[in-house]
Amino acid sequence: MKNLELAWILAEIGDLLELQGENPFKVRAYRRAARAIELLPEDIEAVWRRGELGRIEGIGKALEEKIDEWLSTGVMTYYEELRRQLPPGLRELTRVPGVGPKLAQRLYQELGIRNLDELEAACREQRLRHVKGLGARSEENILRGIERLRRQMERFPLGLALPVAQQLVRALAEFPSVQRVAIAGSLRRGRETVGDVDIVASSADPASVMDEFVRTPGVEQVLARGDTKASIVLKMGLQVDLRVVRDDQFAAALHHFTGSKEHNVALRELAQAKGLKISEYGIVRVDEGEPLAVATEADVFAAVGLPCIPPELREDGSEIAAAREGRLPALITLGDIKGDLHVHSEWSDGLHSIEAMALAARERGYEYIAITDHSPSLSVARGLDPSRLEEQLEEIARLNRRLDGIRILTGCEVDILRDGSLDLPDEILARLDVVVASVHSAMNLDEAEMTERIVAAMRNPHVDIIGHPTGRILGRREPYAVDMERIIAVAAETGTCLEINASPDRLDLKDVHARWARERGVMIVINTDAHSTDGLDQMAYGVTVARRAWLGKADVLNCLSWPELKARLKDGRR
DNA sequence: GCCGTTTTCGGCCCGACTGTTTTCAGTCG
């Protein structure tokens, strides 16, 4: 699977061309192509073998030739040549806030600066102020930018940024001159990590809102403060941008700042072709200069003849083509979820009793909840051996007789051992309603071994779900080496479901993989892997990932009622 | 570089903020 590698190369070509001062539209063409390939719902090599590279939106003759060369020989000559023409560290200079391609190029030409370290030294030695257009202020800003870059190289996970952003929004909403306020940007689109937080507000007195905003508790630095726009950095390192507009401009501004950039560009091109101009202030007819009324985001789309595109789909612009052709999916919502099929109780490493978990599920309006405690090899988690599991089945039977309004399903999260076998016998698994199989050990196998290990588990006639299929922990542990194409193919063949683990540390499967799985007819299940009653609330994160994967409720196992679900589970079909 | 029920050539989104160059380019989203 070379999609991501190719996307990375094309994006780098875009950056290198930009550093060389190439035609900006050529730069954009490479970036668009990179994005298209990154989000492509199948293996680029398969498309190539069919001779259909040119049918990918954004790939024309020139790019097709370069990709063909790269896939046939492993080398892209054009890329190699570009890399030779510029020092390798130059590209990272543009990661410093305030340093773009033009400045990076001049710093290289005039001061011989080739990387971050040299830029930092030049600032400290006050050599930048001798470059035309730069002064002492620029040196300070660049130094601060380098420091931030070094301290916080990673993006912030959704699960960390969202609560912070919600808190800020609540605080702004209470400010008297604020009329409306909402989260925008990549956070609203539900991306798994975000570089910053964007907030849009409406007010008749923007200056007062700016004053209030830059005094937010926990502000470490004010990066910019204009009449209607300000940027701050919180002590935790998270940057927050606020934009304030008039209340009648709020919907247009919300759409604009939700992005993505590529989505906005594509939508505005479409608008332009219809004689309209879309900006964050609204929509105007170019010939008359007359503004159109925009009360909601749906009005923005309606102006160019499109149905409203949900924020989670606004990524590379291909969603606009889908909308034009009536191919937008009816996305799953949290309300469609009928139960959670992967939770832990105090019987293994969970915090709460089975009854407490069941009542918490009932409170959330669920029809069922599966108790899937660990299996014996996970001794640190007090995994259940067959006899304790036996006791648990009796306990669940008792609770089911006693509790109304919620059905407790029996289950377990069984370990997939190094050789692909499971650490509970088939006779036991056969008696459970739901079997989740997961990898928790020997995570450093090579790709072939790890893939076959998981494939073996999927071929077990009792395994319904593969839990957190790539094992990643955001920001802490890389996914294990696994051939996702093959996992998806075998899942389709065996009727095994793949999990979107909703824990914000995991979000595993991720959006792109879940989208591939759906397109191959694999059923997805969204589970929280909750270890406490509160953990059940993380379902919302999983639903966000599913929406980004274009899933509807028909694609998701736990949107089924219990009778439907039973009929879909492997043992239930017998 | 790509793309085409206005176009196979000539387009390719739109505006705020910063620093500093007295009039705007570069950067950012």
Side-chain angles (χ1 to χ4, degrees), chain A residues 10-11 13-14 16-18 21-36 53-67 78 82 93-107 128-129 131-142 145 184-187 189 194-200 206 210 222-231 239-245 249 252-253 255-284 286 304 317 320-321 324:
Chain A
L10 295 178
I13 291 176
L16 293 172
L17 291 173
E18 193 174 44
E22 252 289 3
N23 174 1
F25 297 108
K26 184 168 168 179
V27 172
R28 198 174 94 187
Y30 275 94
R31 290 185 176 153
R32 273 190 172 178
R35 197 96 162 109
L53 285 178
R55 291 177 61 174
I56 298 171
E57 186 76 16
I59 294 185
K61 202 161 164 46
L63 271 164
E64 182 167 6
E65 278 172 16
K66 292 184 174 74
I67 295 170
Y78 182 65
L82 273 176
L93 295 188
T94 63
R95 295 185 54 200
V96 178
V99 180
K102 293 282 192 300
L103 183 54
Q105 178 68 293
R106 285 184 56 209
L107 290 171
L128 253 57
R129 59 187 65 179
V131 176
K132 192 170 151 76
L134 299 182
R137 195 70 167 273
S138 314
E139 286 169 349
E140 286 169 30
N141 285 341
I142 288 174
S186 56
L187 196 55
R189 302 200 310 277
V194 299
D196 63 13
V197 169
D198 295 291
I199 297 176
V200 177
M210 291 287 114
V222 178
L223 292 174
R225 186 210 183 284
D227 296 336
T228 63
K229 183 177 166 181
S231 293
Q239 179 178 331
V240 184
D241 298 339
L242 173 68
R243 183 62 182 272
V244 183
V245 296
Q249 299 166 331
H255 173 267
H256 172 82
F257 288 103
T258 296
S260 69
K261 186 174 156 77
E262 291 85 349
H263 169 87
N264 285 351
V265 169
L267 195 73
R268 285 167 184 192
E269 281 176 357
L270 188 60
Q272 203 178 33
K274 292 178 186 294
L276 300 170
K277 188 179 73 167
I278 299 181
S279 78
E280 59 258 54
Y281 300 117
I283 307 175
V284 294
V286 176
V304 292
I320 289 173
R324 290 173 83 168

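Chain naming here is simple, since letters A, B, ... match the order of the sequence lines and numbering starts at 1 in each.
Listed by chain and residue number, N23(A), R28(A) satisfy the side-chain contact (heavy atoms from CB on, under 4.5 Å) test with F25(A) (two or more places apart in sequence, or in another chain). A252(A) pairs by the side-chain contact (heavy atoms from CB on, under 4.5 Å) definition with V294(A), not counting sequence neighbours. Residues passing the side-chain contact (heavy atoms from CB on, under 4.5 Å) test with V222(A), sequence neighbours excluded: V214(A), V219(A), R225(A), I232(A).
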Scan nucleotides 24-26 of chain B against the protein and return all N/O pairs shorter than 3.5 Å with their distances rounded to 0.1 Å.
none

What pairs of nitrogen or oxygen atoms, one from the protein and one from nucleotides 3-8 of chain B, lie under 3.5 Å apart?
| from | atom 1 | to | atom 2 | distance (Å) |
| --- | --- | --- | --- | --- |
| dC3(B) | OP1 | G58(A) | N | 3.0 |

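The stretch residues 255-265 of chain A comes close to DNA chain B through H256(A), K261(A), V265(A), each having a heavy atom under 4.0 Å from the strand.
Contacts of L267(A) with the nucleic acid, taken as non-hydrogen atoms under 4.0 Å apart, are absent. Contact annotation for P97(A): backbone-only contact, meaning every heavy-atom pair under 4.0 Å involves sugar-phosphate atoms and none involves a base. Using a 4.0 Å heavy-atom cutoff across all strands shown, R32(A) reaches no nucleic acid atom at all. Across all strands shown, Y30(A) has heavy atoms under 4.0 Å from sugar-phosphate atoms exclusively, and none from any base. Backbone-only engagement by N141(A) is indicated by non-hydrogen atom pairs under 4.0 Å involving sugar-phosphate atoms exclusively. Looking at heavy-atom distances under 4.0 Å, G226(A) makes contact with sugar-phosphate atoms alone, never a base. Using a 4.0 Å heavy-atom cutoff across all strands shown, V245(A) reaches no nucleic acid atom at all.
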>> Let's go through E18(A) and R31(A) carefully: what are the C-alpha distance in whole Å and the side-chain angles of both, what is the deciding distance for salt bridge (Lys or Arg N to Asp or Glu O under 4.0 Å) to 0.1 Å, and is it a yes or a no?
In response: CA-CA 11 Å; E18(A) 193 174 44; R31(A) 290 185 176 153; 2.7 Å; yes
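When each of K132(A) and V99(A) is assigned the nucleotide of DNA chain B bearing its nearest heavy atom, the one mapping closer to the 5' terminus is K132(A).
Residue K66(A) places its side chain closer to dG1(B) than to any other of dC14(B), dG1(B), dG29(B).
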